[in-house]
Engineer: 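The following block contains the structure, expressed as structure tokens.
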Protein chains: 2
Amino acid sequence: MDNPPLPAGARRATIVTLSRVAGVAPSTVSRALKGDTRISPETRARIGRLAKELGYTPHASARTLSSGRSGLIGLVIGASSNPFYTELLHEAVRQAAPLGMRLLIIHAGPGPIENSTADALLQYQVDGCLMTSVELPSHAAAICAANGVPVVMVNRVARMNSSAVTCDNLFGAAQLARLLLEQGRRRLAVVRTSASSSTGKERERGFLERVSEWGREPPLLFDGRSTYEGGYEMAQRIADLPPAQRPEAVFAVSDIMAFGVLDGFRLRGVRVPQDIAVVGFDGLPAAARPCYDLTTVEQPLQAMIGRALGMLQARIGNPSLPDETASLRGRLLMRGSAAMAAPHPAGSAFGSPAAG
Amino acid sequence: MDNPPLPAGARRATIVTLSRVAGVAPSTVSRALKGDTRISPETRARIGRLAKELGYTPHASARTLSSGRSGLIGLVIGASSNPFYTELLHEAVRQAAPLGMRLLIIHAGPGPIENSTADALLQYQVDGCLMTSVELPSHAAAICAANGVPVVMVNRVARMNSSAVTCDNLFGAAQLARLLLEQGRRRLAVVRTSASSSTGKERERGFLERVSEWGREPPLLFDGRSTYEGGYEMAQRIADLPPAQRPEAVFAVSDIMAFGVLDGFRLRGVRVPQDIAVVGFDGLPAAARPCYDLTTVEQPLQAMIGRALGMLQARIGNPSLPDETASLRGRLLMRGSAAMAAPHPAGSAFGSPAAG
DNA sequence: TTCTTTTGCGCGAACGTTTGCGCACACGAG
DNA sequence: CTCGTGTGCGCAAACGTTCGCGCAAAAGAA
């Protein structure tokens, strides 16, 4: 037909534009661009060149509409108060891009997901969903399950209808326990977190089990919120204990809590590691700061995200794949907060701060 | 035609499904659902009810394709090392949802935006773009400009073809300067950041101007990276100064740098605020921690994001709107790190930590 | 030559929404 | 009875891709 090739308005080039210029059918262009071998190599090359020249960029919405694949991964992320989630988000973005996946933020922050927000999962036809929220994202998970959207939990144990990848919390916590036990530290304590966090529970259990394996008395337990402030408050409580009851080492189930514990101790004049050793879990970059110098277990974030995205991809390709759980071992980072005996002459921020 | 109303496969309800059940045309359903007054109130109500019953959820891709509106806001965000960006992201997500906007992460992290990543802006037809990256996102900005996608920079001065909303950096920094000057602090210092950050430059300038207005000698300048470590290193440098040359107060141009400065001082036994006062800028939640207790200017993040999204909305509705820059005043948070004379008896973490 | 097979590509119908235009019907005015 | 004038809704053409078929032409087999 002889309708004008370009509608005058400076529109973006589409597959149809390309097809007209190349003198082929739109379907051919579509196939050529995705390297379909049914199209001859020459034609493919020619169309590829043309696409570049005309600055062709595919319209994701059209692809989504037609194929049902959006290339979008829904992201449900927890409170901003724990930097771990920020690290996680950044790593996910970094790794998703080269895989042709984009992240659509469904929810960020504390609190449950509103229904209206969860609907975005459907509206935008996300291909999969990454969840890291502490609060059980029930409604969102239900939507995903009902619509065959694969879900991978990261740093959370799997719920119904979802896969999961976590750090090996039991092993990691056991490593920490062993470190402290080998140092001969007697009375131990765990600053743990209230109910909801599966991760925290696992870490606590891993620690307790190892201690009991060694036949030692069970650690004291302190329940705090899963925040810096939670750790800070528990540190006060520990410092308030009569000296005879004070633990010789504290395991805070997350680095952010450990930071609070360390600062709380410092404020109270409790010296770390001389008076009390402190260990955490997560391997946040900030744990390496001289003022914390925190012994911790580093979650293998890069590998975890890689695994999570891989699981997602696999399930997007084959929805009938069964759910799966992977737990990856983290690395023990030994630092000053749980050093033996004499503090480092330099590099440790825990000497007496005022004029010595 | 008499094709079966439901194709047996459990597909989601669409507008066509609704139209068949309601016995009206699809166009009527579309209009009814968005409250078009040309449709009678009864019909609207009826269709609304039906939509609920059948669990209708619109397909964003179809809407995008047809109307050119995706409801997506592209998000370009800087390095994870500064928690401010995390706060910003969370606030943006929180405020965007009720406005029917979703955030598509185009880029997160340090480093420039790859071209392939920036293409997502076009592929997903984002309606607008929020940018907070330190690195000038040139390619992405160019794409937006070329395609009429409105851009709002947050916490950055506007570049060509973009609007911006910032905290009033000059005013805020001037407030800090005034506070220190009024306390009679003489030798001042600025821990500033290397070239690229417009925000940092403004804060520095605001501070210097106010100092010079008072006719005082210009502050010492220390160039550090815009990170915790940058501040930490500069604190060492300051502590290394011979006592006579040491400043009496330090303005770190961001809270994260101020944290580094504070920890650096603590490690070196420099007491804050007795020996040196420290002030920051941003108002991070962590600045309130007892171990920092940092005097700072709080960016009105909520208002800033509200304004940014508003600008975006306005420009999406009317693309010919000229670029605009808003700068909102922050609140001075006076805390212990720049307190006068005697340190707080309690609540300040800066008393002598060992048994007093 | 004729019959199959391969290779290379085109046809056309989806996918679900939006939107400009226009049509019927009711109602009041002339 | 006719003529506007609204009101309330339907028609149908987009939007840009994908994908199941199917059809030519070339290549090989009989």
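Below, chain A is the first sequence line, B the second, and so on; all start at residue 1.
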Engineer: Using the rule given for side chain to side chain donor-acceptor pair (under 3.5 Å), can you reason through Arg156(A) versus Thr199(A), listing the C-alpha separation, both sets of side-chain angles and the distance that settles it, and then say yes or no?
Structural biologist: CA-CA 6 Å; Arg156(A) 293 279 160 260; Thr199(A) 306; 2.6 Å; yes

Engineer: What is the distance, to the nearest angstrom, from the CG atom on Leu122(B) to the P atom on dG16(D)?
Structural biologist: 13 Å

Engineer: Side-chain polar contacts of residues 91-115 of chain A - donor-acceptor pairs under 3.5 angstrom, sequence neighbours left out - could you list them?
Structural biologist:
unit_1, atom_1, unit_2, atom_2, d
Glu91(A), OE1, Arg94(A), NE, 3.4
Glu91(A), OE1, Arg94(A), NH2, 2.9
Glu91(A), OE2, Gln95(A), NE2, 2.7
Gln95(A), OE1, Gly306(A), N, 3.2
Gln95(A), NE2, Gln302(A), O, 2.9
His107(A), NE2, Gly109(A), O, 3.2
His107(A), NE2, Gly111(A), O, 3.3

Engineer: Could you state the CG-C1' distance from Asp36(A) to dG8(C), rounded to the nearest angstrom?
Structural biologist: 10 Å

Engineer: Under a 4.5 Å cut-off applied to non-hydrogen side-chain atoms, are Val165(A) and Ser327(A) in contact?
Structural biologist: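 They are not in side-chain contact.
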
Engineer: Let's see if you get this right: which residues in residues 54-72 of chain A place a heavy atom under 4.0 Å from DNA chain C?
Structural biologist: Leu65(A), Ser66(A)

Engineer: Determine whether a donor-acceptor pair (N or O, by modelled atom type, separation under 3.5 Å) exists between the side chain of Asp323(A) and the backbone of Ser162(A).
Structural biologist: yes

Engineer: Just so I know, are the side chains of Met304(A) and Cys167(A) near enough to count as touching, which here means a heavy-atom distance under 4.5 Å?
Structural biologist: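 Yes, side chains in contact.
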
Engineer: Where the side chain of Thr64(B) meets the backbone of Ala60(B), is there a donor-acceptor pair that is under 3.5 Å apart?
Structural biologist: yes

Engineer: Using a cut-off of strictly less than 4.0 Å, decide whether Lys34(B) has a side-chain nitrogen or oxygen near OP1 or OP2 of dT17(C).
Structural biologist: no

Engineer: Between Arg38(B) and Asp36(B), is there a salt bridge with N-O shorter than 4.0 Å?
Structural biologist: yes

Engineer: Using the rule side chain to side chain contact (heavy atoms under 4.5 Å, CB included), only one of Leu75(A), Thr132(A), Ile305(A) pairs with Leu89(A); which is it?
Structural biologist: Leu75(A)

Engineer: Identify all pairs in which a protein N or O lies below 3.5 Å from an N or O of nucleotides 22-27 of chain D, and state each distance.
Structural biologist:
none

Engineer: Find the distance Tyr124(A):OH to dC15(C):C1' and express it as a whole number of Å.
Structural biologist: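 Between C1' of dC15(C) and OH of Tyr124(A): 17 Å.
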
Engineer: Which whole-number value in Å describes the distance from Arg12(B) CZ to dG16(C) C1'?
Structural biologist: 10 Å

Engineer: Under 4.0 Å between a side-chain N or O of Arg31(B) and OP1 or OP2 of dT17(C)?
Structural biologist: no

Engineer: Tell me the salt bridge (charged side-chain N to carboxylate O under 4.0 Å, His left out) pairs involving residues 60-81 of chain B, sequence neighbours left out?
Structural biologist: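 Listed by first then second residue: nothing to list.
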
Engineer: Output side-chain donor-acceptor pairs under 3.5 Å for residues 123-131 of chain A, partner residues at least two apart or in another chain, one line each.
Structural biologist:
unit_1, atom_1, unit_2, atom_2, d
Tyr124(A), OH, Ser70(B), O, 2.6
Gln125(A), OE1, Arg12(B), NH1, 3.0
Gln125(A), OE1, His59(B), ND1, 3.3
Asp127(A), OD1, Ser70(A), N, 3.0
Asp127(A), OD1, Ser70(A), OG, 3.4
Asp127(A), OD2, Ser70(A), N, 3.4
Asp127(A), OD2, Gly71(A), N, 2.6

Engineer: Quick check on contacts: within residues 39-49 of chain A, what sits under 4.0 Å from DNA chain C by heavy-atom distance?
Structural biologist: Ile39(A), Ser40(A), Thr43(A)

Engineer: Is any side-chain heavy atom of Glu324(B) less than 4.5 Å from a side-chain heavy atom of Arg307(B)?
Structural biologist: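 When only atoms from C-beta onward are counted, Arg307(B) and Glu324(B) do touch, with a gap below 4.5 Å.
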
Engineer: Please work out if Ser27(B) contacts a base, only the sugar-phosphate, or nothing of the nucleic acid, heavy-atom cut-off 4.0 Å.
Structural biologist: base

